[in-house]
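Here is the structure we will look at.
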Number of protein chains: 2
Amino acid sequence: MSLKFDYIRDPMAIYEASFKQIRQETDLTRLPESLHALAIRVVHAAANPEIVELIDWSDGAAEAGMEALQSGKPVLTDAQMVVHGIIRTKLPNKNEVICTLRMDGVPGMAQRLDTTRSAAAVELWQPWVEGAVVAVGNAPTALFHLMERISEGWPKPAVILGFPVGFIGAAESKRALADHAAELGVPYITLHSRLGGSAMAAAAVNALAGGNEE
Amino acid sequence: MSLKFDYIRDPMAIYEASFKQIRQETDLTRLPESLHALAIRVVHAAANPEIVELIDWSDGAAEAGMEALQSGKPVLTDAQMVVHGIIRTKLPNKNEVICTLRMDGVPGMAQRLDTTRSAAAVELWQPWVEGAVVAVGNAPTALFHLMERISEGWPKPAVILGFPVGFIGAAESKRALADHAAELGVPYITLHSRLGGSAMAAAAVNALAGGNEE
């Protein structure tokens, strides 16, 4: 017995059919045009057109993120999976993609600060955070910790892409981002609810990297 | 202004609260006990208890996967994101985790075989595939290609964890896995529909690695 399945094998054809299908099923009318590419890529990552309803943002956030990438600012993220979901060849200016989670000293710092490693790893973002694109794709504690540090006077990133996922703290951290971004003076794009994750966070970065192409 | 948010910072407390919440919201009654830990970890990754309804499996698949890991067999996967979602310290026997996608020669092989890089990368699995745990977390074409090769006489993996995601081919590839696994002689665990992805595929591996603890 030798099986031969009937499926599309050409990568460009798969890519095009995929995004065509997403466009057909996704209602983008509530989003400004600057967020369309990002919404479509996030829908692609989630395989779910309905999550468009959960996207929230501040005015100019997508533009701020695109500009930051074009000017060569780094991407800071809380998770190695986000690092590996970002398409390097799309990044417009050889931007660094930095995840500090596994750096030396993080476990000890987590103990000293009495928090998670993901939050402690944010401490190491300070030298890069000014004007950077921050993509949180896993840990609510990382997002909370970053907002606290910014409120204490840290330099501000260009945009926070808030996509933590999960049952404890994720929805709350994204609600807090939307509620406090204005007083923090940081543009944001987020996905409310428990849903999120590294694939969606990486998709958001890839969309901003593509400068609004799809 | 200095913000201080009220959230759980203790990683063990977050972990426990998370899995407690999942247990409360997830109806596991349709699953055999050997799949409970896997289902709970997949729900955790997806942040969605309802996807339990989409899990499909063949008898003994979870046991076959656990045994393969305990005996030191490698994990083969189609995506770097899966590699980075697998918790190495959970793996019971220093198991290798192998993703061939970025190996030399894959782009050329994709052209020669007239298929995607993900499918071409499966060609390089042959030396490791016998008795291995295969976790497909991204590309339908990788899953289709593997099934074709097995049908042509390749050695069989211990189990296929089928979690491709997306709008084109994902649901079809998982339907084909469930329909043809018996004739291929390979146990499987999959998640029907378009949903899936590297986080869920890694969660499935982590569950089997944990030997059914949660």
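Here is the naming used below: chain letters follow the sequence lines, and residue numbers restart at 1 for every chain. Values reported hereafter were calculated over all heavy atoms of this structure, with side chains retained and with hydrogens, waters and symmetry mates removed.
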- Query: So how far is it from A:Gln21 CD to B:Arg194 CZ, rounded to the nearest 0.5 Å?
  - Reply: 5.5 Å
- Separation between CD of A:Gln80 and CD of B:Gln80, rounded to the nearest 0.5 Å: 10.5 Å
- Item | Geometric class of the B:Phe144/A:Phe5 ring pair [parallel <30°, tilted 30-60°, perpendicular >60°] | tilted
- Message: Counting heavy-atom pairs under 4.5 Å with chain B, which one of A:Glu25, A:Met147, A:Glu152 comes out on top?
- Response: A:Glu25
- Message: Under 4.5 Å from any heavy atom of chain A, what part of B:Ala17 do you find: side chain, backbone, both or neither?
- Response: both
- Query: If you count the non-hydrogen atoms of other residues, nucleotides and ligands that lie under 6.0 Å from CG in B:Asp179, is the total more than 12?
  - Reply: yes
- Proximal component of A:Glu172, with respect to chain B [non-hydrogen, under 4.5 Å]: neither
- Query: When rounded to the nearest 0.5 angstrom, what distance separates CD1 in A:Ile14 from OG1 in B:Thr115?
  - Reply: 7.0 Å
- Bottom line for A:Ala170: the part with an atom under 4.5 Å from chain B's heavy atoms is neither
- Message: Is A:Ala199 close to chain B through its backbone or its side chain, or both, or neither, when contacts mean heavy atoms under 4.5 Å?
- Response: both
- Residue, of B:Gly196, B:Pro49, B:Ala46, that accumulates the most heavy atom pairs under 4.5 Å with chain A: B:Pro49
- Measure B:Ala45 against the heavy atoms of chain A and call it side chain, backbone, both or neither at under 4.5 Å. backbone
- Item | Most chain B-contacting option - heavy-atom pairs closer than 4.5 Å, from A:Leu195, A:Val165, A:Thr116 | A:Thr116
- Greatest number of heavy atom pairs closer than 4.5 Å to chain A - which of B:Ile8, B:Ile22, B:Asp10, B:Asn48: B:Ile22
- Message: Quick one, A:His84 and B:Val83 - any side-chain contact, counting heavy atoms below 4.5 Å?
- Response: no
- Item | Rounded distance [0.5 Å steps], CG in B:Asp114 versus CZ in A:Arg9 | 8.5 Å
- Over 60° means perpendicular and under 30° means parallel, so classify the ring planes of A:His44 and B:Phe167, tilted if in between. parallel
- Given the options B:Ala202, B:Pro11, B:Gly153, B:Pro140, which has more heavy-atom pairs under 4.5 Å with chain A than any of the others? B:Pro11
- Segment of A:Glu183 engaging chain B (4.5 angstrom heavy-atom cut-off): both
- Task: Taking all non-hydrogen atoms of both residues into account, name the closest pair between A:Gly166 and B:Ala47 and its distance.
- Result: N-CB, 3.9 Å
- If you look only at pairs with a residue in residues 119-129 of chain A, which of them pass as a side-chain hydrogen bond (donor to acceptor under 3.5 Å, both in side chains), with sequence neighbours excluded? A:Thr100-A:Trp125, A:Glu123-A:His145, A:Glu123-A:Arg149
- Find the one option among B:His180, B:Arg117, B:Met12 whose heavy-atom pairs under 4.5 Å with chain A are most numerous. B:His180
